[in-house]
Amino acid sequence: MITLPIDILNSHVLTPHHLQKLSAVDDIPAIDPTFDDDTLKIIFQYYSLSPSSMEEEVHRYAAQLLDNNNIDAAWQVLLSI
C-alpha cells in the first residue's frame with residue numbers, strides 16, 4: 001500500500017472505501033499523456049475559473065470511476081489537477 005497525496009486524503013468527496021481502492025496500488029501511477037477523457041475535459045472547461053470547485057468535481061468524477069472499479073482511470077483523473 002502507498003501513502004496517498006494530502007489533497008486526496010483530505011478530500012470531502014472521496015470515502016474511506018475510495019481511498020482504500022486508491023492506496024491498493026504498488027506505486028502512484030505516472031501521468032499518462034495519452035489519457036483522454038471527455039468528462040474530464042468538460043469539468044476543466046466548466047470550472048476553469050474556480051479551482052476549488054474544479055477539484056471537488058474532479059474528486060466526484062474519480063469517485064464514480066472508483067465505484068465502477070476503474071482504478072487506473074480514477075488515478076489519471078486525480079493526477080490531472
Side-chain angles (χ1 to χ4, degrees):
M1 293 186 106
I2 60 165
T3 300
L4 295 172
I6 197 75
D7 61 319
I8 293 173
L9 281 173
N10 291 335
S11 174
H12 298 288
V13 175
L14 299 172
T15 66
H17 184 68
H18 294 134
L19 299 177
Q20 181 182 23
K21 286 183 177 187
L22 289 169
S23 66
V25 298
D26 292 332
D27 293 307
I28 293 177
I31 295 173
D32 180 355
T34 65
F35 182 75
D36 187 34
D37 187 284
D38 290 335
T39 300
L40 187 60
K41 288 178 188 176
I42 291 168
I43 292 170
F44 284 158
Q45 289 173 348
Y46 190 78
Y47 293 98
S48 64
L49 297 178
S50 177
S52 62
S53 294
M54 181 187 299
E55 180 178 46
E56 185 173 330
E57 287 304 312
V58 166
H59 285 201
R60 285 184 206 278
Y61 182 43
Q64 290 175 3
L65 292 168
L66 290 165
D67 288 340
N68 292 318
N69 290 318
N70 197 343
I71 297 165
D72 293 336
W75 263 115
Q76 290 305 311
V77 166
L78 290 168
L79 292 170
S80 69
I81 54 174

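Scanning for salt bridge (Lys or Arg N to Asp or Glu O under 4.0 Å) contacts around Asp36 gives Lys41, with sequence neighbours left out. Residues satisfying the side chain to side chain donor-acceptor pair (under 3.5 Å) test with Ser11, not counting sequence neighbours, are His59. Legend: residues meeting side chain to side chain donor-acceptor pair (under 3.5 Å) with Thr34, ordered by chain and number and at least two apart, are Asp32. Here Ile28 pairs with Ile2, Pro5, Trp75, Leu79 under the side-chain contact (heavy atoms from CB on, under 4.5 Å) rule; sequence neighbours left out. Scanning for salt bridge (Lys or Arg N to Asp or Glu O under 4.0 Å) contacts around Glu55 gives an empty result, with sequence neighbours left out. Here Ile6 pairs with Asn10 under the side-chain contact (heavy atoms from CB on, under 4.5 Å) rule; sequence neighbours left out. Under the side chain to side chain donor-acceptor pair (under 3.5 Å) criterion, Ser50 pairs with Ser53, sequence neighbours left out.
Each salt bridge (Lys or Arg N to Asp or Glu O under 4.0 Å) pair with one or both residues in residues 9-31, not counting sequence neighbours, would appear here, but there are none. Sorted by first and then second residue, the salt bridge (Lys or Arg N to Asp or Glu O under 4.0 Å) pairs with a member in residues 56-66 read Glu56-Arg60, Glu57-Arg60; sequence neighbours excluded.
Counting only heavy atoms from C-beta outward, the side chains of Leu22 and Leu14 approach each other to under 4.5 Å. Using a 4.5 Å cut-off on side-chain heavy atoms (C-beta onward), Phe35 and Ser80 make no contact.
Hydrophobic clustering of Ile, Leu, Val, Met, Phe, Trp and Tyr side chains at less than 4.5 Å, counting indirect connections, keeps Ile42 apart from Ile81. Hydrophobic clustering, with ILVMFWY side chains joined whenever heavy atoms are under 4.5 angstrom apart, keeps Val13 apart from Tyr47.
Atom CG of Leu19 is separated from atom CG of Leu9 by 6.0 Å, given to the nearest 0.5 angstrom.
Put simply, the side chain of Gln76 never gets that close to the backbone of Ile71: no donor and acceptor are under 3.5 Å apart.
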Hey, can you pull the donor-acceptor pairs under 3.5 Å for the side chains in residues 61-68, sequence neighbours left out?
{"unit_1": "Tyr61", "atom_1": "OH", "unit_2": "Asp37", "atom_2": "OD1", "d": "3.0"}
{"unit_1": "Tyr61", "atom_1": "OH", "unit_2": "Asp37", "atom_2": "OD2", "d": "2.7"}
{"unit_1": "Asp67", "atom_1": "OD1", "unit_2": "His18", "atom_2": "NE2", "d": "2.8"}
{"unit_1": "Asn68", "atom_1": "ND2", "unit_2": "Gln64", "atom_2": "O", "d": "3.2"}

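Scanning all heavy atoms of the two residues, the minimum distance from Ile31 to Pro33 falls at O-CD, 3.2 Å.
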